[in-house]
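See structure below.
Heads up: numbering here begins at 1 and tracks the sequence. Read the numbers this way: they start at 1 and go in the same order the structure lists the ligands and their atoms.
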Amino acid sequence: MSTCKIAVIDGDGIGPEVCQSAVRVLREAVGSCKLDFELLPGGAGHYRKTGKVLPEETFTACAGSHAILHGAAGLPDVRYPDGTEAGNDLHLDLRFRLDLYANVRPIKLLPNVRSPLNGVTAGSIDYVIVRENTEGLYASRGGGIRLRGEVATDTLVITRKGTERVARFAFNLSRQRNGAPKDGKRRLTVCDKANILRSYSFFRSVCEEVWKENFQDIEIDYAYVDAITVHLIKNPQYYDVIVAENMFGDIISDLGAGTIGGLGIAPSSEIGDDHGLFQGSHGSAPDIAGLGIASPLATILSAKMMLEWLADRHGDGHLSDAANRIETAVNSVLQDRVLPRDLGGTSTCEEITVAVIRALNMPRATAA
Ligand code: ATP
């Protein structure tokens, strides 16, 4: 394709620093003529100034772009009168309005990243959590009830359509992968709480129907959400792709990120049929904002996912080549022990960005 329009919302806290780092890496990997970046306002800081978290012009530009790159949004002291954080509405609004129903969170242990788990090495943890992104418990956001200061309720929503499409997405993803590190089997694990709530037993049964319909080449597996928190610690090699309801997926993907070095290295994408949004799994980390010590790796790896997605949609080999080069460059930087503080190193956001760009420009054989 000729030129991709990329909507960039850098947002709050560490969002701008990690987002600008990813844009620099993308420019270097792809060549600036192929990507046309448009920086757009939005987030908690913008809400404080204007009363709008996601300005309509930002939404329109996102809807008209080929892909959206996001830093992070949210500041703990910028809240609505009901006590919830305003900044979260940036991606929630984009998710619902652009129908980004699959939140894809790869959990992959990279070279020289020390996992808190014993006996795991690079590549031995390599699975993907597909979190349903538009319904589940979070569908009720803004619609819950607080009654007389005594009772509060939120409603968990599971639909056949929402479950079928995210299950299909997850099975298809498994088909594109090489199976679980433990045994090479392509496997979809349905994560739920089907033993307790009807909504989750419905989620499970719809996933099973989708499997029977079209995906019996892939093994289907089931895990209760409480049990999977133990399995992901004790036996992460077993997993290939996991599909989960929105809130469960949110929680277990942070747990998974913890096993591969933390939120600063865990990428994420939110995919719909027509749009894709890419950002690190972390939030705006206001505690370290502006100090220059945030890790840009999660956002750089999310940008790599963006190129893969664009390459796939538009059949563009140049973009998939650029995505591979970014992955190789990040691995090479980690191998050289240029590590951010959250991975036990001392390198700043700027130093890591420069190192990744340098690695991109190394002859391929040296960088690999
Ligand atoms: P949210 O609810 O918006 O996802 P959160 O409350 O989970 O956010 P984060 O903003 O993700 O919190 O950050 C949690 C902690 O992880 C931060 O305090 C910070 O120390 C660390 N952290 C997160 N992202 C990074 C990063 N990119 N580099 C270094 N440390 C990070």
Exercise. Can you tell me how far the CD atom of Q237 sits from the OH atom of Y127, to the nearest 0.5 Å?
Worked result: 10.0 Å

For this session: Could you tell me whether T299 approaches ligand 1 through its side chain, its backbone, both or neither, with non-hydrogen atoms closer than 4.0 Å?
Result: neither

Exercise. Nearest protein heavy atom to atom 27 (N) of ligand 1: under 4.0 Å?
Worked result: yes

Exercise. Roughly how far apart are D240 CG and R175 CZ, rounded to 0.5 Å?
Worked result: 12.5 Å

Exercise. Does ligand 1 have any atom sitting under 4.0 Å from a heavy atom of V18?
Worked result: no

Exercise. Contact between G74 and ligand 1, counting heavy atoms under 4.0 Å?
Worked result: no

Exercise. Counting both backbone and side chain atoms, is some N or O of S295 under 3.5 Å from an N or O of ligand 1?
Worked result: yes

For this session: Consider every N or O of I293 and every N or O of ligand 1, then say whether any pair is closer than 3.5 Å.
Result: no

For this session: Return yes if a side-chain donor-acceptor contact under 3.5 Å exists between N246 and E135, otherwise no.
Result: no

Exercise. Between F278 and W309, how do the two ring planes meet: parallel, tilted or perpendicular, split at 30° and 60°?
Worked result: tilted

Exercise. Does the protein put any heavy atom within less than 4.0 Å of atom 17 (C) of ligand 1?
Worked result: yes

Problem set entry | Parallel, tilted or perpendicular: ring planes of H91 versus H70, cut at 30 and 60 degrees | tilted

Exercise. Heavy atoms of the protein only: does one fall short of 4.0 Å from atom 23 (C) of ligand 1?
Worked result: yes

Exercise. Does atom 30 (N) of ligand 1 have a protein heavy-atom neighbour under 4.0 Å away?
Worked result: yes

For this session: Do me a favour and list the nearest non-hydrogen protein atom to atom 9 (P) of ligand 1 with residue, atom name and distance?
Result: G283 N, 3.5 Å

For this session: Would you check if there is a donor-acceptor pair between the side chains of N112 and Q335 at a distance under 3.5 Å?
Result: no

Exercise. Below 3.5 angstrom, do we get any N/O pair linking D287 and ligand 1?
Worked result: yes

For this session: Heavy-atom distances under 4.0 Å are what count here, so tell me which part of S284 touches ligand 1: side chain, backbone, both or neither.
Result: backbone

Seminar exercise, completed: The answer for which part of I288 has a heavy atom under 4.0 Å from ligand 1 is side chain

For this session: Heavy-atom contacts with L263 under 4.0 Å: which atoms of ligand 1 show up? List them by number with element.
Result: 11 (O)

Problem set entry | Sub-4.0 Å protein heavy atom near atom 20 (O) of ligand 1 | yes

Exercise. Tell me, do D316 and L310 make a side-chain contact under 4.5 Å, heavy atoms counted?
Worked result: no

